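Following: one structure in structure tokens, then a few remarks.
Whatever order the structure lists them in is the order used to number ligands and atoms, beginning at 1. Heavy atoms only: backbone and side chains are in, while hydrogens, waters and symmetry mates are out. These numbers come from a predicted model, not from an experiment.
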Amino acid sequence: MTPTAAAEITLSHRFADELPELAVDWQAVEPPASQLLVLNDALAADLGVDPAYLRSPEGVGFLTGVAVPEGARPVAQAYAGHQFGAFNPRLGDGRALLLGEITDREGALRDIHLKGSGPTPFSRGGDGFAAVGPMLREYIVGEAMHALGIPTTRALAVVATGRTVRRESDLPGAVLTRVASSHLRVGTFVLARATGDIPLLQRLVDHAIARHYPHLGGAENRALALLDAVIDAQARLIARWMLVGFVHGVMNTDNMTISGETIDYGPCAFLDAFDVGAVFSSIDQQGRYAYGAQPAIGEWNLARFAEALLPLLAEGADAAGVDAAVAAAQQSLAAYRETYNATWAEGMHAKLGGTPDDERTAVLVNDMFDMLAMARVDDTSFFRRLASAARGDREPARALFADPAPFDLWVERWLTLAPDPDLMDRVNPLYIPRNHLVEEALAAATDGDLAPLDDLVEVIRHPFTARPGLARYEEPAPAAFGPYVTYCGT
Ligand code: AMP
Ligand code: MG
């Protein structure tokens, strides 16, 4: 701990103070040889922290949790979760720490959290560490999502630790410093419920409302109000994922936030060819978390959230009370599909240039997805190039089809709706972190060359604005890239 660190940053410890049953005081392991790989200057500025300080040796000590500000109280957070559907009552931060909460420039509380900071009481046989590649992937994809306007946690920094971590092979180790509006998860509530301590569950509800939904503080039933708010936030979030072709890859209930931010970028990826069955995670053999399965999995996870809240949803623990609670939960859960469908439909109308919300568009959209799936067309390129067709040049989109006949028929129908290409360019990204480019950047970074990663992040920070000289970032993966697989050996 250094005086400089204490002077620069103040961290509160509201989670640790208000929910001590869900926190274990803990410390990060000192890295053998820290080296700052990337620093998110823009995010540092949002937090009111001087990037020059974070680049200093003291700052890197802060980013890795070995030089915590005076008065901070780092903790490993406890949570449960359903992993691929199977309940696990004891997950928790097995390789992570909540350093504390910082008050950002706008006065909002944001968690400063470490991933890869060493073993904790929740490590369950894991080593507690993380590798450079996956931590940098989290940085890249989080920045892409933020730039696309999709709620997300973000990386403030990635620091190489100089430690070798053993996975399928020996890999360089890293710590990710993550910023989130909180790390409250569905799994946090599932754990609180599993303890049987109902006052703890109510305290957790109140903590979550204070942090994320303060306008609900006066609600008649705060747990029910929180349930509705989280259902709404997650329905909107998952609709946004679907509209940009994002596949999270591991939607366990411990990876679903109460805030409605995307969290835990593991085996995640953006679609190349449109395919509802797309799975990128090596361990997802059944396709539980396939692209097209995500909306239903979101609903399943929220049902687990509702179950956790049941004792608070209605008065009385007798049969009548339980029936009333279940009825309330079911009514709340019914809103998920409505909100999801409405958000998705609104987004899809914009992607297609402001098509009317009517039966004609609905049929056109269905036919479009049949056509895209059949032809295995690159999802991102299709929507972006379609704007050219609205401007009079069908060739760029047409060229994506080996057999253009179905496209020729479809585009004719679509053009009769007078789509607005400028609207399309505002919502259909040109630059996403394409899988082959992410792999190229991570491989180079693992070998010590950060230039491809820096270039990629620079490009995806402005996903909608076409710029000269960036053609390779627009192109679909070359055929030689093959099917993309990411490994959970994170
Ligand atoms: P994830 O699927 O990455 O969200 O992780 C699921 C659970 O496994 C969490 O409780 C993590 O803390 C834990 N975990 C993942 N990797 C490790 C590791 N290398 N060492 C210890 N715990 C880990
Ligand atoms: Mg997780």
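Contacts with ligand 1 closer than 4.0 Å are made by side-chain heavy atoms of Asn255 only, the backbone lying farther away. Only the backbone of Phe129 comes within contact range of ligand 1, with a heavy atom under 4.0 Å; no side-chain atom does.
In terms of polar-atom proximity, defined here as any N/O pair under 3.5 Å, Phe122 makes no such contact with ligand 1. Of the N or O atoms in Arg95, one or more lie within a sub-3.5 Å distance of an N or O in ligand 1. Backbone and side-chain nitrogen or oxygen atoms of Gln83 are examined, and none is located within less than 3.5 angstrom of a nitrogen or oxygen of ligand 1. When only interatomic distances are considered, the shortest N/O to N/O separation between Arg124 and ligand 1 falls below 3.5 Å.
Remark: ligand 1 atoms within the under-4.0 Å shell around heavy atoms of Leu91 are 10 (O). Taking a cut-off of under 4.0 Å to the non-hydrogen atoms of Gly128, the atoms of ligand 1 that pass are 18 (C), 19 (N), 20 (N), 21 (C). Listed by atom number, the atoms of ligand 1 under 4.0 Å from Asp264 heavy atoms are 4 (O). For ligand 1, the atoms closer than 4.0 angstrom to any heavy atom of Arg167 are 19 (N).
Remark: at the Mg ion (ligand 2), atom OD2 from Asp264 and atom OD1 from Asn255 enclose 80°, rounded to the nearest 10 degrees.
The residue from Gly92, Gly126, Pro119 that puts a heavy atom closest to atom 11 (C) of ligand 1 is Gly92.
Partner Asp127 forms a salt bridge (Lys or Arg N to Asp or Glu O under 4.0 Å) with one of Arg95, Arg166, Arg167 and no other, that one being Arg167.
His82 and Asn252 form no side-chain donor-acceptor contact under 3.5 Å, judged by distance and modelled atom types alone. Counting only N and O atoms by type, the side chains of Thr164 and Asp170 include no donor and acceptor under 3.5 Å apart.
Under the 6.0 Å distance and 45° angle rule, Arg163 counts as a cation-pi partner of Phe129. A cation-pi arrangement is not found for Arg288 relative to Phe84, the charged atom failing to lie both closer than 6.0 Å to the ring centre and inside a 45° cone about the ring normal.
A salt bridge is defined here as a Lys NZ or Arg NE, NH1 or NH2 lying under 4.0 Å from an Asp or Glu carboxylate O, and Glu138 with Arg178 meets this definition.
Ring geometry for His215 versus Tyr213: interplanar angle over 60°, hence perpendicular rather than tilted (30 to 60°). Between Trp241 and His248, the ring-plane angle classifies as parallel under the 30° and 60° cut-offs.
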